[in-house]
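A short write-up of the structure that comes next.
All values below were derived from every heavy atom in this structure, side-chain atoms included, with hydrogens, water molecules and symmetry-related copies excluded. Just so we're on the same page: letters track the sequence lines, and every chain starts at 1.
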Amino acid sequence: MNDIKTAANSLLTAYIKDTPKSLKLIDSYMVYVLLTGIIQFVYVVIAGTFPNNAFLAGFISTVASFVLAANLRIQTNPKNASQFPTTSPERAFADFLACNVVVHFAVANFLG
Amino acid sequence: MSTESSSTVARVLKPTILILIAIVAISSRLFSIIRFESVIHEFDPWFNYRTTQHLVKNGFYDFWNWFDEKSWYPLGRVVGGTVYPGIMVTSALIHNVLHFFNFPVDIRNVCVFLAPMFSGLTAFSAYLLTKELKDSSAGLLAAAFLGVAPGYISRSVAGSYDNEGIAIFLLVFTFYLWIKAVKTGSAFFGLLTALFYFYMVSAWGGYVFITNLLPLHAFTLLLMGRYSNRLYVSYSTFCAVGTLLSMQIPFVGFQPTRTSEHMAALGVFGLLQLYAFAELVRGYIPPKQFRALLKGGIVAVAVIASIGLTILSFSGVIAPFTGRFYSLYDTGYAKIHIPIIASVSEHQPTAWTSFFFDLQMLIFLFPAGVYLCFKELKDEHVFIILYSVFASYFAGVMVRLMLTLTPVVCVSAAIAYSTLLDTYLETSEHVLASTKPAIAAAATSAPVVIEATTSDSKATGKKTAAKAAAAAAAAAKSADAEAKTHAKSAASSEKKRFPIFNLDSRLLVILQLTWFLFMFAWHCTYVTSGSYSSPSIVLASRQQDGSQMIIDDFREAYYWLRKNTKEDAKVMSWWDYGYQMAGMANVTTLVDNNTWNNTHIATVGKAMSTSEEVSYKVLRQHDVDYVLILFGGVIGYSGDDINKFLWMIRIAEGVYPNDVKETNFFTPRGEYKVDHDATKTMRESLMYKMSYYRFAELYGSGNAVDHVRNARMPAEGPTLSVLEEAYTTENWLVRIYKVKDLDILGRDLKDSTAFDKGRVRKISSLKKK
Amino acid sequence: MAVISRTLFLTLLLALVAFLSASSSSTSSLFAHAQPQNDNEALLQKKVARLEAKAVKNKGVIQLDSLAFEDVMAKPRNYSMVVLFTAISPEFNCVPCLNFDPEYKMVAAGWSKLANKSQLFFSILDFKAGQAIFQKFGMNSAPSVLYFPASSSISGDPSQDRYDFGKSGFQAEPFAAWLQARSGVRVPVQRPFDFMGLAVKVLGTFTAVFSVILFVRKGRKIFGSKYFWSTISMIIIFVMISGHMWNQIRNPPYSMPSQQGRSGFIASGFQNQFGLETQIIAVLYSLLTGAAIGLIAVVPRIENPVGQRATVWVCMGMFTLVFSILIQVFKLKNPGYPFTLMFR
């Protein structure tokens, strides 16, 4: 348990120290999306899934947003630049936008 | 020829060859049109055609909310929610685009030519896919193979307007996009994969194959320790967007979150998220601390997951596998539990002959290609291996799934074949320079061309065969050019490799391989023209003098129905002809090929198999105006209703065991007879009466012979009192009866008929006097 | 008083005599028949004992011929009969007969273990031994199973209780259920102990245990080895493309005895195959693939020009030869196929 605590501490300090600002921004967005998803889920557990399509649309939109933000984070992370020779940060952002447009178009359609 | 100029030549050649391949692919699917005419084939395509017409005429929204009152009378059918709309929307779109540019093409022609057109695209996507795996010469070969492979042609000849026609293109193209996405790690390609996956979901139920294969690929890569950020990006984009999109199709609905066959995708998605998070954490802290964190994390995740799973499975949120899918895993399942699945011929298991018939030499080059994939074993090769193993399993279980196997067979056979060509055409400028490499190369490429031309002249008359062969030979030529650039890199990385020293070895292999290519092309043409090109609504038969006779009774009958019945006439027939009647005769049907309501089908079966009195009640209850049956006794068409009669009886007995008993239709010896020995129940059944009504008159005194069952019929044919003959086609293949109204005097119809007959006889006898 | 009593006695006596004389015919017949009835009883018992002995000897199945059939079916009978009309001999080429035979015997064996086994006997009448009976019953397809309840008299009238193969299939279980509906006794069907299956299972467990041990020891080496995986995938592919799943689902016989000019291991008909046939095809396929791989992977590794040339010729020769054999086999199945490679 102690190990884990120290490890978590060092993780936190390392994260704060080593992460570029833009990535932190994305991270905060991801945390926000994650929390939204959790809230939705809790609500569904309490109140039931009655308009199933609305719940699914909302929940999947958070999941998709989270994942797409994670993609953006991975692709713009300077550490990973060698893995993505063809993807510049601008390109990554354009992909991010395109995906989001498609996702939210579908979500709007699905909300019914 | 220097490398540079050869590459320019290759650059020109490649598109040319691809276009040629597309032309070959399309033209080899046109046999049925040349031989018959531009018609929609078989049964299901007629439904697709009818819905497409509706879509074109009334627009998309009306189509989406279409409640079809003309089928399953009096129940009706919600069409928009029970179809895969992909193919209809595609052809309506093509139709509208063409009309926008003022090409007044009939929607029927769009539908007829849709599958061949898409086969050209399929060949192109096979090229793209294989190019990602090996190089463009292998890609060209794969395109040529897939263009003409009978396994794919079987479902995509002109007029076969069915879901599979576009679905195979979508399957291959989705796989190409997926591989591209995994290779580049681009969210954009992930998005495209998801979009084409969506298209595939809208087009064919076989999308489940993609839904399971892609997660499997991702999972295998994880197990192999090949996790990469590229994999994360491509898979999570695909899965999140694809799942969401797939739920937009009403027929699929919430299944992706409910049924087990979609669960693998979600499970791998979750796993990948955790793995990615762990990877992220690993980047920040030293390994020892990471291990401690990992342990804690795994425990936490395991606890949460097991609790969640228990809750979900207890509350029944996750449904078990659907029957059709389950029957793929447990092969005995369908036989016992779902006879309607087991009885359909395309759900039968595949005998080895079908594999050979559909793929010929590709079937044994295919494992060689898989072997080569193992040798390379990059991420995309792992995919091909998984695809081959699973597709060959599924194709073994169900004949219909040959369709999903064919692309991967073509791709990996092309890899094997082009590697062979590379090896034996390679001009060895590297390792151990031999004395006569240049001569060897010149000599080997020359015979290829010569061989091609000689065989071209041999194959005159077999137009497509020659074309295919020419395209293949051209592909081989460009393989020659390609090999040069490719071989360099390959050879340097591998263990020590030597060139082929002897000219004769090279010649032998190359000539043989080319010859096999020709054989393959001939085989494909033979199979396509012989087995896969009959439309089944127009029959062709050879007469004794060898001339061809076209039997067009179906359309004759449907046309009669269209012209001579009321707008809302209800026509009863066995379900096989439901789609065709709705499509061609535009009448209301009771049952059709969408066999969703067994009771309704059994009711029709009951009406067919009981006596006139009983079935008249059923007919009146369902407002039936006409009854249509198929009768092959005159020309010997064995697929007629008397031969299907046992199924009707069986299905009817399942629902109405008191009214219909199968055993009563068998003679005491247990035979199914229609002649003198026929049982009383048989002779009194409506189907028997309708089939043989006035049959004996056709032949004169007592010589009536049923040519299908080889039975000598009684001279005295059956009499009908509740029906009257309305129309019988030229070859008696289709017979239509009109259901009589209730008698005006309130008499029993049987009595009134007897009375009428009596009167007629009296009058005629009076006249004689 | 005395007179009255005497007359009464007389009348009684007379009445008795009259009664006796009136009923004498029936009583006499009763007495007269008692002897043969006992005879019959004895005969029947003898017959049953004989049948039982036969049945016991042959695991519950009695082999009949025309004479024995008539004898067994002859009227004094307190047992039911199940008769399997079949044609086992190879010249009839009756695949369903062969399929059903073991299943039938299995049910019979199950029955013979029951307490009231003499209530029902299982018998087999082969076409060779009982053509007359086949004709008598107008039997023109085999196999068929008829059930003769104890009470029924046997006549040429073929309206007998017949087991419907088309509906119920050739398995022992539905057949036993059919019998149960008639005899009222549940027949236990015990599949004979499957040694092959046990061996496979034992072998499987050993392999599993062994591989687990291996995995623990040097897991990475084995399971990380692509040779391991490539072998497995290749085997799966070969098994599948040679139509093994068809065999799994349809359960065809492994092979047939060969008859005039037709080999016994290639089934006739495009959509039909034998167990052995798929194995032959799998071997042919793997030879072909092997030759192709040899040409691709082995030949360029050979440094010696002579050896290399020899290998190329051998591989290519094998490839062509096996391919032509394959086409010939395919022509057997699909006689209209027009192409050949080496043989005509």
Side-chain angles (χ1 to χ4, degrees), chain B residues 224-225 331-332 335 348-357 359 361 363-368 370-372 374-375 377 385 388-389 392-393 395-397 416 419-420 423-424 432 495-502 504-506 508-509 512 516 519 522-523 526 530 650 662-663 668-671, chain C residues 137-141 144 157-159 162 164 167 224 226 229-230 233-234 236-238 240-246 248-250 270-273 277-278 281 284-286 288-289 292-293 295-297 299-303 305 308-309 312-313 316 319-320 323 326 330 333-334 337-339 341:
Chain B
M224 292 170 75
T331 45
K335 207 159 76 177
Q348 303 302 317
T350 320
W352 75 266
T353 41
S354 305
F355 282 103
F356 187 78
F357 194 63
L359 297 163
M361 71 160 183
I363 198 68
F364 48 80
L365 285 177
F366 159 58
V370 174
Y371 168 82
L372 291 173
F374 266 109
K375 264 181 108 181
L377 213 63
I385 291 162
S388 344
V389 170
S392 47
Y393 172 75
V397 177
T419 314
L420 269 175
T423 317
Y424 288 86
L432 287 181
K495 270 183 262 170
K496 208 167 191 189
R497 286 169 59 97
F498 306 96
I500 309 300
F501 301 112
N502 307 103
D504 58 331
S505 328
R506 285 169 186 262
L508 174 73
V509 173
Q512 284 283 17
F516 290 156
M519 283 200 57
W522 287 330
H523 173 93
Y526 162 75
R650 263 174 216 155
E662 190 185 341
T663 42
R669 290 179 179 181
E671 290 162 320
Chain C
F137 281 85
M139 205 68 83
N140 43 17
S141 66
S144 38
D157 173 34
S159 66
R162 186 189 291 262
D164 186 355
K167 206 160 148 192
K226 61 184 178 186
W229 287 110
S230 60
S233 341
M234 297 294 253
I236 293 178
I237 288 175
F238 278 123
M240 289 304 156
I241 58 179
S242 54
H244 179 72
M245 264 347 261
W246 194 93
Q248 277 281 306
I249 294 170
R250 289 292 159 77
F270 192 70
Q271 285 298 332
N272 197 13
Q273 60 186 21
E277 185 181 342
T278 54
I281 297 303
L284 290 185
Y285 280 165
S286 43
L288 283 164
T289 307
I293 291 176
L295 283 175
I296 292 170
V299 170
R301 297 229 190 291
I302 300 173
E303 196 173 355
Q308 195 190 47
R309 173 186 275 163
V312 169
W313 280 88
M316 210 57 224
F319 197 82
T320 318
F323 193 11
L326 185 65
F330 186 71
K333 313 279 292 184
N334 184 10
Y337 190 66
F339 307 117
L341 197 53

Examine whether an atom of Ile296(C) lies under 4.5 Å from a heavy atom of chain B, and if so say whether it belongs to the side chain, the backbone or both; otherwise answer neither. both
Separation between CD (Gln512(B)) and OG1 (Thr320(C)), nearest 0.5 Å, reads 3.5 Å
From Lys333(C) atom NZ to Ser354(B) atom OG, the distance as rounded to the nearest 0.5 Å: 10.0 Å
With rounding to the nearest 0.5 Å, note down the distance linking CD1 in Ile241(C) to OG in Ser388(B). 10.5 Å
Heavy-atom contact with chain C under 4.5 Å, split by part of Thr423(B): side chain
Distance-minimising heavy-atom pair for Pro349(B) and Trp246(C): O-CD1, 3.4 Å
May I have the step-by-step check of side-chain contact (heavy atoms from CB on, under 4.5 Å) for Phe355(B) and Ile281(C), ending in yes or no? CA-CA 11 Å; Phe355(B) 282 103; Ile281(C) 297 303; over 6 Å; no
Report the C-alpha distance between Val312(C) and Val509(B) in whole Å, list the side-chain angles of each, state the deciding distance to 0.1 Å, and finish with yes or no for side-chain contact (heavy atoms from CB on, under 4.5 Å). CA-CA 8 Å; Val312(C) 169; Val509(B) 173; 3.6 Å; yes
From Trp229(C) atom CH2 to Met224(B) atom CE, the distance as rounded to the nearest 0.5 Å: 10.0 Å
Should Met245(C) and Thr350(B) count as side-chain neighbours, where that means a heavy-atom distance under 4.5 Å? no
Given heavy-atom pairs under 4.5 angstrom as the criterion, report whether the side chain, backbone, both or neither of Ile302(C) touches chain B. backbone
Look at the aromatic rings of Phe364(B) and Tyr285(C) and report parallel, tilted or perpendicular, splitting at 30° and 60°. tilted
If you compare all heavy atoms of Met519(B) against all heavy atoms of Phe339(C), which two are closest, and at what distance to 0.1 Å? CE-CB, 4.3 Å
Is Phe374(B) in contact with chain C via its backbone, its side chain, both, or neither, using a 4.5 Å heavy-atom distance? both
What part of Ile385(B) gets within 4.5 angstrom of chain C, counting heavy atoms only: side chain, backbone, both, or neither? side chain
Given that the side chain runs from C-beta out, which part of Phe357(B) has a heavy atom under 4.5 Å from chain C: side chain, backbone, both or neither? both
For Trp352(B) and Gln273(C), run side-chain contact (heavy atoms from CB on, under 4.5 Å): C-alpha distance rounded to whole Å, both residues' side-chain angles, the deciding distance at 0.1 Å, then the answer. CA-CA 8 Å; Trp352(B) 75 266; Gln273(C) 60 186 21; 3.1 Å; yes
So, for Ile237(C) and Phe366(B), which heavy atoms are closest and what is the spacing to 0.1 Å? CG2-CE2, 3.5 Å
If you count heavy-atom pairs under 4.5 Å with chain B, which of Asn272(C), Leu326(C), Ile236(C), Thr278(C) comes out on top? Leu326(C)
From CA spacing to verdict: side-chain contact (heavy atoms from CB on, under 4.5 Å), Val370(B), Met234(C): CA-CA 8 Å; Val370(B) 174; Met234(C) 297 294 253; 4.3 Å; yes
With chain B as the partner, which of Ser286(C), Ser230(C), Gly243(C), Ala297(C) has the greatest number of non-hydrogen pairs under 4.5 Å? Ser230(C)
Would you call the rings of Tyr337(C) and Phe356(B) parallel, tilted or perpendicular, where under 30° means parallel and over 60° means perpendicular? perpendicular
Could you check which of Met316(C), Glu277(C), Arg309(C) has the highest count of heavy-atom pairs closer than 4.5 Å to chain B? Arg309(C)
Select, from Val389(B), Leu372(B), Leu365(B), Asp504(B), the one with the greatest count of heavy-atom pairs under 4.5 Å involving chain C. Asp504(B)
So what's closer than 4.5 Å to chain C heavy atoms on Leu420(B): side chain, backbone, both or neither? both
